[in-house]
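What follows is a single structure, written as structure tokens, with notes after it.
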Amino acid sequence: MQFGINFFPTVGPDDKDAADYFEESLNLVELAEELGFDHVKTVEHYFFKYGGYSPDPVTFLTAAAARTKRIKLVTGAVIPAFTHPLKLAGKLAMLDNISRGRLQVGFGRAFLPDEFDAFGIDMDESRARFEEGLRACQKLWSEEDVVWDGSFHSFGPVTLLPRPYQRPHPPILVATAKTPSSCEQAGRDGHGLMMVPSINKREVVQDMLGLYRKAWADAGHPGEGEVHMSYNCYLSEDPAEARAKGKEYSQRSNLVMRDAVAAWGERRSEVYAGYEKVVENIARADFDRSLAENKVLVGTPDEVTERLRTIREWFGDIAVSLQVISGNPTHEESVRSMRLFAEQVIPRFAAVS
């Protein structure tokens with residue numbers, strides 16, 4: 001297993017000044033490199049406290065690249081529906097060069113109705129826009145004199161500059177929430193997978209992983225693919241404090257998410273089957289149940305180690321992305337969680353791997 005830090009902000013101006021948020025987060029990036037974490041990752045969201053301080057993952061990861069030498073940089077994820085592929089492919093190729101090949105590109109569909117409305121894009125087109133944007137970027141990275149005649153964009157012949165540092169292109173990851181067919185397609189195409197296990201039952205996640213790994217093997221790709229999973233994380237050597245604070249910050253994150261998804265109370269989309277239940281599901285969220293089901297990594301280093309061992313038994317060899325800033329803990333608490341995890345969890349976990 002590999003471990004990294006996922007910067008998923010859940011704050012707004014009344015909680016923390018944006019300049020302070022970025023300064024603290026980039027300090028945590030440097031700490032992640034120092035402590036030996038595998039990757040840093042950030043999201044693309046707009047307008048809400050739910051991710052809104054990260055409208056452009058490329059900008060944040062470029063700053064992260066300038067402060068580090070080793071750690072991988074992961075977009076978790078960029079949204080092709082909101083950016084022309086010529087622009088998106090160029091920005092990502094530039095970051096790949098600045099970081100000297102440390103970039104992994106996660107692509108996602110987006111799912112918040114208000115974001116689509118603001119960009120003037122029909123949500124029902126999201127899957128088609130996602131697929132076209134991903135494939136257009138891949139072609140622009142891999143080929144010269146590219147001609148593209150798609151449903152949403154037409155261009156060429158053009159040759160993208162700069163060419164990506166990694167050839168033929170940076171590794172690609174695909175974000176999926178609840179759609180099994182997305183897992184199968186990612187496996188067939190040889191892409192990695194990004195998942196948030198807290199939103200599904202364990203058996204559902206296992207079924208989706210099974211589809212992904214079977215499609216990967218059937219396509220003749222070596223190994224089993226790469227799977228990233230994100231977990232809210234809070235560590236303390238005091239078990240009572242870990243549980244109390246972990247619960248507080250998880251509940252804050254749920255409240256922020258509830259505001260962002262409120263539009264789903266009145267919206268329906270054939271390409272987002274079941275999403276009309278998301279508001280109800282968030283309202284029913286229960287921290288104690290999530291903790292019992294290992295959907296959050298909260299506790300002492302010993303407790304979190306045991307949770308990870310169980311997660312490995314369930315899901316196999318995965319990359320775990322720790323959300324140590326979600327819920328807006330203090331900077332000092334985020335630092336402590338990272339240090340405890342790196343110094344006490346990772347070495348003991350490696351000893352039983």
Side-chain angles (χ1 to χ4, degrees), residues 1-11 15-16 20-21 23-42 49-50 53 71 196-199 228-257 285-315 318-353:
M1 294 177 83
Q2 297 176 336
F3 302 98
I5 306 298
N6 186 15
F7 291 91
F8 199 121
T10 54
V11 295
D15 304 304
K16 183 176 292 187
D20 291 337
Y21 165 77
E23 180 180 2
E24 290 177 359
S25 294
L26 289 169
N27 286 339
L28 293 178
V29 167
E30 294 183 44
L31 180 62
E33 167 122 327
E34 173 192 325
L35 293 174
F37 283 96
D38 173 73
H39 64 269
V40 291
K41 177 188 298 181
T42 195
K49 289 185 179 182
Y50 182 78
Y53 268 13
I71 203 163
V196 182
S198 63
I199 64 174
H228 284 226
M229 293 188 181
S230 294
Y231 290 86
N232 282 355
C233 178
Y234 188 93
L235 272 72
S236 171
E237 292 181 310
D238 180 339
E241 179 191 12
R243 191 181 189 98
K245 288 289 190 176
K247 182 174 185 177
E248 175 186 346
Y249 297 134
S250 289
Q251 289 176 334
R252 283 189 197 175
S253 294
N254 285 341
L255 287 173
V256 167
M257 186 178 184
D286 180 89
F287 172 79
D288 294 326
R289 184 173 65 246
S290 294
L291 190 63
E293 295 175 352
N294 290 321
K295 291 185 175 182
V296 293
L297 293 176
V298 170
T300 66
D302 284 339
E303 291 170 336
V304 169
T305 297
E306 290 307 311
R307 296 189 191 286
L308 282 165
R309 286 173 177 163
T310 300
I311 287 168
R312 186 185 59 179
E313 290 174 2
W314 290 346
F315 304 139
I318 61 171
V320 175
S321 300
L322 309 174
Q323 297 184 168
V324 298
I325 65 166
S326 297
N328 196 23
T330 66
H331 182 65
E332 292 73 22
E333 287 175 309
S334 297
V335 168
R336 183 182 64 183
S337 288
M338 289 175 60
R339 286 196 179 278
L340 287 173
F341 195 97
E343 294 169 1
Q344 297 190 38
V345 176
I346 293 178
R348 288 181 292 169
F349 189 81
V352 298
S353 296

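Index from 1, following the sequence.
- Taking 4.0 Å as the cut-off between side-chain N and carboxylate O, R336 and E237 do not count as a salt-bridged pair.
- Ionic pairing of E241 and K245 is not present here: no N-O contact between side-chain nitrogen and carboxylate oxygen is shorter than 4.0 angstrom.
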Full working for side-chain contact (heavy atoms from CB on, under 4.5 Å) between T10 and Y249
CA-CA 10 Å; T10 54; Y249 297 134; over 6 Å; no
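- A 4.5 Å side-chain heavy-atom check between V320 and M1 finds at least one atom pair inside the cut-off.
- Using a distance-only test at 3.5 Å, with no hydrogens or angles considered, no donor-acceptor pair links the side chain of T300 to the main chain of P239.
- Across all non-hydrogen atoms, the minimal contact from D38 to I71 is O-CG1, 3.4 Å.
- Evaluation of the ring-ring contact (aromatic ring centres under 6.0 Å, His included) test over residues 287-307, restricted to residues two or more places apart or in two chains, returns none.
- Across all non-hydrogen atoms, the minimal contact from F315 to M229 is CD1-SD, 3.6 Å.
- Residues passing the ring-ring contact (aromatic ring centres under 6.0 Å, His included) test with F3 are F341, F349, sequence neighbours excluded.
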Residue pair R339, E34: steps toward the side-chain contact (heavy atoms from CB on, under 4.5 Å) verdict
CA-CA 10 Å; R339 286 196 179 278; E34 173 192 325; 3.8 Å; yes
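- Atom OG of S25 sits about 13.0 Å away from atom CZ of F8, to the nearest 0.5 Å.
- With rounding to the nearest 0.5 angstrom, the CE atom of M257 is 7.0 Å from the CD1 atom of I199.
- Here the CD1 atom belonging to I325 is positioned 10.5 Å from the CG atom belonging to N232, to the nearest 0.5 angstrom.
- Using a cut-off of 4.0 Å between Lys/Arg side-chain N and Asp/Glu carboxylate O, E303 and R307 are scored as not salt-bridged.
- The heavy-atom pair separating C233 from S337 by the smallest distance is O-OG, 4.4 Å.
- Looking at H331 and L28, their side chains come closer than 4.5 Å, going by heavy atoms from C-beta outward.
- When side chains are defined from C-beta on, I318 counts as touching I311, because their heavy atoms get closer than 4.5 Å.
- Minimum heavy-atom separation, P347 to E343: CG-O, 3.5 Å.
- To the nearest 0.5 Å, atoms NZ (K247) and OG (S290) are separated by 11.0 Å.
- Residues S236 and P301 approach most closely at O-CD, 3.8 Å, considering heavy atoms.
- Between the CG atom of D286 and the NZ atom of K295 there is a distance of 11.0 Å, given to the nearest 0.5 Å.
- Annotation: side chain of D288 is in contact with side chain of R243 (closest heavy-atom distance under 4.5 Å).
- The ring-ring contact (aromatic ring centres under 6.0 Å, His included) test applied to Y53 returns Y21, not counting sequence neighbours.
- Side-chain contact between V296 and Y234 is absent, with no heavy-atom pair separated by less than 4.5 Å.
- Put simply, the side chain of V345 reaches to within 4.5 Å of the side chain of L235, judged on heavy atoms.
- For the pair L31 and F37, the minimum side-chain heavy-atom distance is 4.5 Å or more.
- Residues P197 and S230 come closest through the heavy atom pair CD-O, 3.6 Å.
- Between the OG1 atom of T42 and the CD1 atom of I5 there is a distance of 12.0 Å, given to the nearest 0.5 Å.
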